[in-house]
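Here the structure is laid out as structure tokens; the discussion comes afterwards.
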Amino acid sequence: MNNTFQFYNTLTRTVETVIPHEEGKIAMYTCGPTVYHFAHIGNLRSYIMEDVLEKSLRYVGYDVKRVMNITDVGHLSSDADTGEDKMLKGAKREHKSVMEIAKFYTDAFFADCAKLNIKTPDVVEPATNCIAEFIHMIEVLLEKGCAYLAGGNVYFDTSKLKDYYVFSSQSEKELLVGVRDDVEEDANKKNKNDFVLWFTRSKFEDQALKWDSPWGVGYPGWHIECSCIGIKHLGEYMDIHCGGVDNIFPHHTNEIAQSESYLGHPWCGYWFHVNHLNDKSGKMSKSSGDFLTVSLLEEKGYDPLVYRMFCLQSHYRKPLEFSYEVMDNMSAAYGKLIKKIADLREEGEVDLAFFDHYRQKFVDALSGDLNTSMAITIVYNLLKEDVNDATKLALVKDFDQVLSLGLQAAKDKIKADQSDVDAELESYILAKIEERKAAKKAKDFARADAIRDELLEKGVALKDTREGVVWSLVN
RNA sequence: GGCGACUUAGCCAAGUGGUAAGGCAUGGGACUGCAACUCCCUGAUCGUCGGUUCAAAUCCGUCAGUCGCCUCCA
């Protein structure tokens, strides 16, 4: 068991060694998607990096339990009860019911995750499954005097906290309310940082999802779900809470406020935040019109795993700028890497001493604030080492448990590309190859080149290698 | 206005006090009938100015630029 796994803890703003509440076990929580639309590749960057974090922790020997919520209700586009519920907005847009929208985009989200080799968390819980728990938590907060009723809604009273701005040294005075044009201040709040736990007064008459509660028919505020679902599945102590940097304030600040007030003790010791993916105009956002999805990347001919590699070769705490130039760069690099690995032969005995030595290098890279870029470099270095292929292959497969770049399936991947070709086409290709071989032998190079061009037009590229002629499909 | 992050070769990027990993691209070469593949070789003093130190990309300060957050967001 490696017990020196370190990463940057937003709570303390330092790189710290993880010390779980229960030895050997990690209780990990991830803020899941709001399922009103497709996830864009910026959203997915967070999930990719969190996936690497989870797998790294498992790789060094931790028993990880990971929980993710699905936000399918109560996520207003504004906090002042004037915004529109995102789910409802999605439903209107597509003329479907809210639950149909939630189902469709939840499935789409996990389909994208699968393409990116992101493991599905151990527990996935939609918010609408936990209404009773939300209500219970809010009742307790009211009993404890941490919450109040105003204008029909239940609010969390931030003035009852000793330390609300746990993630920053911001003061309430300096905090501007309504910096964004579309945000209005809610007159019901006692303090400007208070936030809604339960809405009963929806301004949308067609609000589709409503539940009965002690305070009237309504729906939960956004923050309550993560606190509640986290506690429901991981107990009173959580080790690592993950999310995008934009969740730091107010979402995670509010989660801490609610959870610790409810539990009466510190809740989660480590906060892992992934920086944003930007394009040249700035942050990629679902709410700002056009956005890039995994499907779009596929349409443009990129393997989704190229995007995963693009994320891994950067550091999770750095802003990353997306461009097709970099994707092309990455695509070439990925193709070469896969090919190198596919060329390894499964011969010889694995050199165990070498294996352990290299495995340790890999562990060190991951343990040092998730240095995934270095982890990839280690793969490149490994391929250049003077050891037998069996050892290299064993290590690559081992590393791919964390990297999940399809490295261990490299051979199959290349074969699979060819198996997409039907038998008729294949025999045609093979016949042409024979014909060209004969032409070459007769030094009829014009004819040989013509055959090669002919196949290329049909999307088949020929290469004369030392082992003979090989063909592959091109786009 | 407040808070925070980032700035290393054409591009991505590692590096946290001792004279700059790796990848892609480029250029040159080997191989090839040609091409592709493969292999070899090829590049930066680390945004600015100043300070600390025997020694700084690495510490401190300064200016500049880019980006994010301040109740939609991963």
Side-chain angles (χ1 to χ4, degrees), chain A residues 10 13 15 30-34 36 39-50 75-80 83-84 86 89 165 167-171 173-180 182-186 189 192-196 221-223 242-251 253-254 273-278 280 282-288 309-310 313-315 317-321 323 325-326 328-337 339-340 343 365 371-374 376-381 384 440 443-446 448-449 452 456 461-466 470 472:
Chain A
T10 312
R13 289 198 217 165
V15 175
T30 298
C31 285
T34 303
Y36 68 100
H40 60 68
I41 59 172
N43 296 311
L44 266 353
R45 179 189 183 193
S46 288
Y47 296 109
I48 288 170
M49 299 318 292
E50 289 160 5
H75 201 160
L76 300 187
S77 56
S78 150
D79 189 45
E84 201 169 3
K86 291 191 160 204
K89 208 170 165 182
Y165 297 100
F167 286 117
S168 74
S169 42
Q170 261 191 118
S171 66
K173 276 186 185 172
E174 305 292 356
L175 193 71
L176 298 185
V177 171
V179 171
R180 301 196 325 258
D182 58 336
V183 173
E184 288 175 34
E185 196 165 354
D186 183 342
K189 290 180 180 180
K192 61 184 176 187
N193 304 309
D194 291 353
F195 52 92
V196 179
W222 173 39
H223 313 295
C242 311
V245 286
D246 53 314
N247 280 150
I248 294 173
F249 186 83
H251 186 230
T253 301
N254 290 349
H273 291 110
V274 181
N275 214 313
H276 285 290
L277 177 77
N278 302 313
K280 40 182 193 305
K283 181 176 155 183
M284 206 170 274
S285 171
K286 263 201 269 202
S287 44
S288 66
M309 182 152 161
F310 168 66
Q313 58 80 51
S314 177
H315 189 82
R317 280 196 288 130
K318 281 193 174 180
L320 187 56
E321 191 174 299
S323 70
E325 185 194 353
V326 186
D328 289 340
N329 187 327
M330 243 20 256
S331 206
Y334 181 70
K336 284 191 174 190
L337 183 62
K339 188 176 182 309
K340 276 195 180 115
D343 284 345
N371 193 338
T372 48
S373 175
M374 183 53 78
I376 287 176
T377 293
I378 289 170
V379 174
Y380 278 105
N381 291 343
K384 287 186 289 196
K440 280 174 72 176
K443 301 227 185 280
D444 184 359
F445 298 124
D449 289 353
R452 186 167 62 196
L456 195 58
L462 293 188
K463 292 173 191 172
D464 299 326
T465 71
R466 270 158 293 170
V470 295
S472 60

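Being a predicted model, the structure only gives us computed values, none of them experimental. First the proteins, then the strands, lettered A, B, ... as listed; each starts at 1.
When the P atom of B:rG23 is taken as reference, atom CG of A:Asp328 falls 19 Å away, rounded to whole Å. B:rC39 atom P lies 7 Å from atom NZ of A:Lys336, rounded to whole Å. Between A:Leu277 atom CG and B:rC6 atom C1' there is a gap of 15 Å when expressed in whole angstrom units. Put simply, CG on A:Asn275 is 8 Å from C1' on B:rC67, counting in whole angstrom units. B:rC12 atom P lies 16 Å from atom OH of A:Tyr380, rounded to whole Å. One can place CD of A:Glu325 at 14 Å from C1' of B:rG23, the figure rounded to the nearest angstrom. A:Arg45 places its CZ atom 12 Å from the C1' atom of B:rC12, with the value rounded to the nearest Å. One interatomic measurement links the two molecules: NZ of A:Lys384 to P of B:rA21, which rounds to 12 Å at whole-angstrom precision.
Pair assignment for B:rG1 gives B:rC70, based on Watson-Crick or G-U wobble hydrogen-bonding distances that are each under 3.5 Å. In this entry B:rC31 has no Watson-Crick or G-U wobble partner, no candidate having both defining distances under 3.5 Å. Across all strands shown, B:rA64 forms a Watson-Crick or G-U wobble pair, both distances under 3.5 Å, with B:rU7. Across all strands shown, nothing is found opposite B:rA57 as a Watson-Crick or G-U wobble partner with both distances under 3.5 Å. With a 3.5 Å ceiling on both atom-pair distances, B:rU19 lacks any Watson-Crick or G-U wobble partner. If you check B:rA14 for Watson-Crick or wobble pairing at under 3.5 angstrom, you find it has no partner at all. Pairing for B:rU45 is absent, judged as Watson-Crick or G-U wobble with the two contacts each under 3.5 Å.
Residues A:His315 and A:Asn275 form no side-chain contact, since every pair of their non-hydrogen atoms from C-beta on lies 4.5 Å or further apart. Within the 4.5 Å cutoff, the side chain of A:Ile41 has heavy atoms near those of the A:Leu277 side chain. Taking 4.5 Å as the limit, every side-chain heavy atom of A:Pro319 sits out of range of all side-chain heavy atoms of A:His276. Using a 4.5 Å heavy-atom threshold, the side chains of A:Ile248 and A:Thr10 count as touching.
Contacts of A:Phe445 with the nucleic acid, taken as non-hydrogen atoms under 4.0 Å apart, include base atoms. Contact annotation for A:Lys443: no contact, since no heavy-atom pair falls under 4.0 Å across all strands. Residue contacts shown for A:Val326 are limited to sugar-phosphate atoms, with no base heavy atom under 4.0 Å away. Using a 4.0 Å heavy-atom distance criterion, A:Phe310 is classed as making no nucleic acid contact.
The side chain of A:Lys339 approaches B:rC37 more closely than any other nucleotide in the set B:rG23, B:rC37, B:rC73. Nearest nucleotide to the side chain of A:Phe249, out of B:rA74, B:rC24, B:rC70: B:rC70.
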Review item, nucleotides 13-15 of chain B N/O atoms under 3.5 Å of protein N/O:
| from | atom 1 | to | atom 2 | distance (Å) |
| --- | --- | --- | --- | --- |
| B:rA13 | O2' | A:Ser373 | OG | 2.7 |
| B:rA14 | OP2 | A:Lys318 | NZ | 2.8 |
| B:rA14 | O3' | A:Asn371 | ND2 | 2.9 |
| B:rG15 | OP1 | A:Asn371 | ND2 | 2.6 |

Can you name the atoms? Protein N/O to nucleotides 63-65 of chain B N/O, anything below 3.5 Å, with the distance.
none

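A salt bridge links A:Arg452 to A:Asp449: one of the charged nitrogens lies within less than 4.0 Å of a carboxylate oxygen.
Side-chain atoms of A:Arg317 stay outside donor-acceptor range of the base of B:rA5, with no qualifying N/O pair under 3.5 Å. Evaluation of atom-type donor-acceptor distances gives a pair under 3.5 Å for the side chain of A:Asp449 against the base of B:rG33. Judged by distance alone with a 3.5 Å cut-off, no donor-acceptor contact links the side chain of A:Asn329 to the base of B:rC12.
Spacing between B:rA21 and B:rU42 at atom P, rounded to whole Å, works out to 12 Å.
For A:His251, the side-chain contact (heavy atoms from CB on, under 4.5 Å) test picks out A:Cys31, A:Trp222, A:His223, A:Cys226, A:Asn247, A:Glu255, with sequence neighbours left out.
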